[in-house]
**Q** 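Sending over a structure as structure tokens; questions will come in a sec.
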Protein chains: 2
Amino acid sequence: MFHTLFKLVEMGVHNGHVMFTTNQMAKSAGTSQQTASRRLIELEKLGLITRLRTPDGESIRLTEEGKRELKTAYMTLKRAVEPPPKELVLEGELFSGLGEGAYYIHQPGYREQFKKKLGYDPFPGTLNVRLGKRFFPERTLLEAMPFTSIDGFRDGKRSYGPVRCYRVLINGKARANVVTALRSHYGEEILEIIAPVNLREKLGLKDGDRVFVRVSPSSQ
Amino acid sequence: MFHTLFKLVEMGVHNGHVMFTTNQMAKSAGTSQQTASRRLIELEKLGLITRLRTPDGESIRLTEEGKRELKTAYMTLKRAVEPPPKELVLEGELFSGLGEGAYYIHQPGYREQFKKKLGYDPFPGTLNVRLGKRFFPERTLLEAMPFTSIDGFRDGKRSYGPVRCYRVLINGKARANVVTALRSHYGEEILEIIAPVNLREKLGLKDGDRVFVRVSPSSQ
DNA sequence: ATTACTAGGAATCGAGTAG
DNA sequence: TCTACTCGATTCCTAGTAA
């Protein structure tokens with residue numbers, strides 16, 4: 001279905017809305033009018049676009065979900081096309097979470113993959129860093145950095161989504177990984193960090209301390 | 001078929017080559033092993049990848065054609081996701097072409113569309129500008145600027161591909177359009193420019209003169 | 001272990017056409 | 001004109017296997 005979304009971008013849907021008929025779209029995509037119509041219906045059902053039918057054509061607009069979809073694809077291609085950024089440093093403040101992140105991350109389904117793909121068994125607990133506002137733009141660049149993919153899984157009761165691990169250095173000293181969920185673009189101002197050791201102890205950190213997170217241009 | 005190429009990027013084909021089995025690819029893409037195999041065969045037939053089979057898996061590498069394909073898609077998404085660049089100025093030297101560009105551009109199939117979409121009937125002749133080497137990086141940014149699409153057509157004998165028109169200002173004074181062919185990423189150091197009037201005359205230009213081409217952040 | 005062929009079932013497409 | 005339904009044609013997928 002992404003193919004159709006891409007076609008719409010070629011037709012200019014990203015700037016506000018675009019008016020066209022299913023026939024125009026069909027011609028531009030090299031398909032029949034019927035197929036164009038059906039594809040628009042599907043995109044609407046998926047919640048990626050909204051449509052507004054008028055007597056002579058329809059006005060198409062991307063939903064937030066649709067924009068997110070495009071952005072994700074863009075970031076993926078960016079890694080392939082652009083040379084990787086030299087360095088990326090994020091700065092934030094240490095705080096204690098509710099242990100929720102740590103709970104997920106230490107599910108055996110994830111833990112086995114960490115051991116295999118990152119080469120270490122994470123210390124049972126995560127370092128939570130709340131980024132300063134001025135680092136929000138850099139936060140988006142994080143997605144363009146290389147990463148290690150951890151597959152999702154399910155354990156009978158519920159399912160756990162795929163996550164990404166970015167290789168980082170904490171305060172210029174300790175090797176660690178920022179772990180981000182692929183679903184839920186929620187709480188993007190917070191970084192959850194895992195490491196082979198207890199970072200609070202090793203670096204003498206306590207809540208409220210400044211933490212520098214340097215992201216490596218290589219995933220391993 | 002782009003869908004598959006995209007999948008390969010997610011698996012990391014862009015950095016050199018990647019080793020995996022059709023089974024791994026199938027699992028990652030949520031299809032059968034047979035489909036993964038078939039898709040790789042198709043991509044190879046299309047000349048987008050090269051494959052190197054080994055006893056336990058295959059090594060995949062993008063061809064130049066494959067990289068171009070990805071870059072084109074990337075540029076399209078870039079226009080949708082990134083805010084448009086503020087300004088873009090290219091500088092080059094005026095020279096006389098063989099009139100080949102002018103020949104194509106004045107085919108009725110193109111001319112009618114110029115009149116309709118750009119709002120003027122181009123002067124019969126193009127301004128050819130050879131860009132200085134230091135403007136090559138900016139030249140690639142041109143593709144991220146908004147443009148007007150001119151459709152391809154055929155006139156019995158041969159077919160004429162679609163082209164793009166970027167709105168520009170020549171030497172800060174004269175409104176014009178850079179015209180680029182979508183096929184053939186050939187001769188990218190040369191800009192072909194059309195305008196409603198004779199630019200050489202209007203601006204008092206002769207071969208070898210410096211020409212400044214300012215690209216507008218709006219297509220019209 | 002691989003990859004990839006064949007065959008038949010599933011999904012998608014487009015001509016005709018209704019609303 | 002539009003969009004979108006039905007339904008036969010076509011394409012695409014996967015299970016079973018060969019190599």
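Values in this document were obtained by computation on a predicted structure and should not be read as measured data. We name chains A, B, ... by the order of the sequence lines, and we start the count at 1 in each one.
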**Q** C:dT3 phosphate, OP1 or OP2: any side-chain N/O from B:Thr22 under 4.0 angstrom?
**A** yes

**Q** Give the rounded distance in Å between these two atoms: NE2 of B:His3 and P of D:dC12.
**A**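 Spelled out: NE2 on B:His3 to P on D:dC12 is 14 Å.
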
**Q** Is the A:Phe153 ring parallel, tilted or perpendicular to the A:Tyr110 ring (thresholds 30°, 60°)?
**A**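 Correct class here is perpendicular.
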
**Q** Please report the distance, rounded to the nearest Å, between CD in B:Glu58 and C1' in C:dT2.
**A** 9 Å

**Q** Please report the distance, rounded to the nearest Å, between CD in A:Gln34 and C1' in D:dC5.
**A** 10 Å

**Q** Is it the case that more than 12 heavy atoms not belonging to B:Phe136 sit under 6.0 Å from its CZ atom?
**A** yes

**Q** Are any of the side-chain heavy atoms of A:Lys78 and B:Glu82 separated by less than 4.5 Å?
**A** yes

**Q** Quick one: label B:Thr35 by what it contacts on the DNA or RNA (base, sugar-phosphate, nothing), any heavy atom closer than 4.0 Å.
**A**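 Result for B:Thr35 = base.
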
**Q** A:Gln24 CD to D:dC2 P: how many Å, rounded?
**A** 8 Å

**Q** NZ of A:Lys27 versus P of D:dC2: gap in Å, rounded?
**A** 12 Å

**Q** What do the steps show when you test A:Asp151 against A:Tyr160 for side-chain hydrogen bond (donor to acceptor under 3.5 Å, both in side chains), and what is the final call?
**A** CA-CA 9 Å; A:Asp151 303 323; A:Tyr160 297 80; over 6 Å; no

**Q** Measure across A:Ile193 and A:Ala176 and return the closest heavy-atom pair with its distance rounded to 0.1 Å.
**A**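 What the structure gives for the nearest pair is CG2-CB, 3.6 Å.
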
**Q** Taking the six-membered ring for Trp, is the centroid-to-centroid distance between B:Tyr74 and A:Tyr74 below 6.0 Å?
**A** yes

**Q** Do any side-chain nitrogens or oxygens of A:Arg39 fall under 4.0 Å of OP1 or OP2 in C:dC13?
**A**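 Affirmative; the distance criterion is met.
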
**Q** Between atom CG in B:Asp56 and atom P in C:dA1, what is the gap in whole Å?
**A** 12 Å

**Q** Between the main-chain N or O of B:Phe123 and the side-chain N or O of B:His106, is there a donor-acceptor pair closer than 3.5 Å?
**A**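 Side chain of B:His106 to backbone of B:Phe123, a donor-acceptor pair under 3.5 Å: yes, one is there.
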
**Q** At less than 4.0 Å, is any side-chain N or O atom of A:Arg38 found next to OP1 or OP2 of C:dC13? Yes or no.
**A** yes

**Q** Which is true for A:Gln33 with a 4.0 Å heavy-atom rule: it touches a base, it touches only sugar-phosphate, or it touches nothing?
**A** base

**Q** What residues from residues 41-55 of chain B pass a heavy-atom cutoff of under 4.0 Å to DNA chain C?
**A** B:Ile41, B:Arg51, B:Arg53, B:Pro55

**Q** Tell me: CE of A:Met25 to C1' of D:dA4, nearest whole Å?
**A** 14 Å

**Q** Reckon B:Ser37 touches a base, only the sugar-phosphate, or nothing at all at heavy-atom distances under 4.0 Å?
**A**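 Result for B:Ser37 = base.
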
**Q** Rounded to whole angstrom units, what separation is found between the CD1 atom of B:Ile60 and the C1' atom of C:dT3?
**A**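 Result: 11 Å.
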
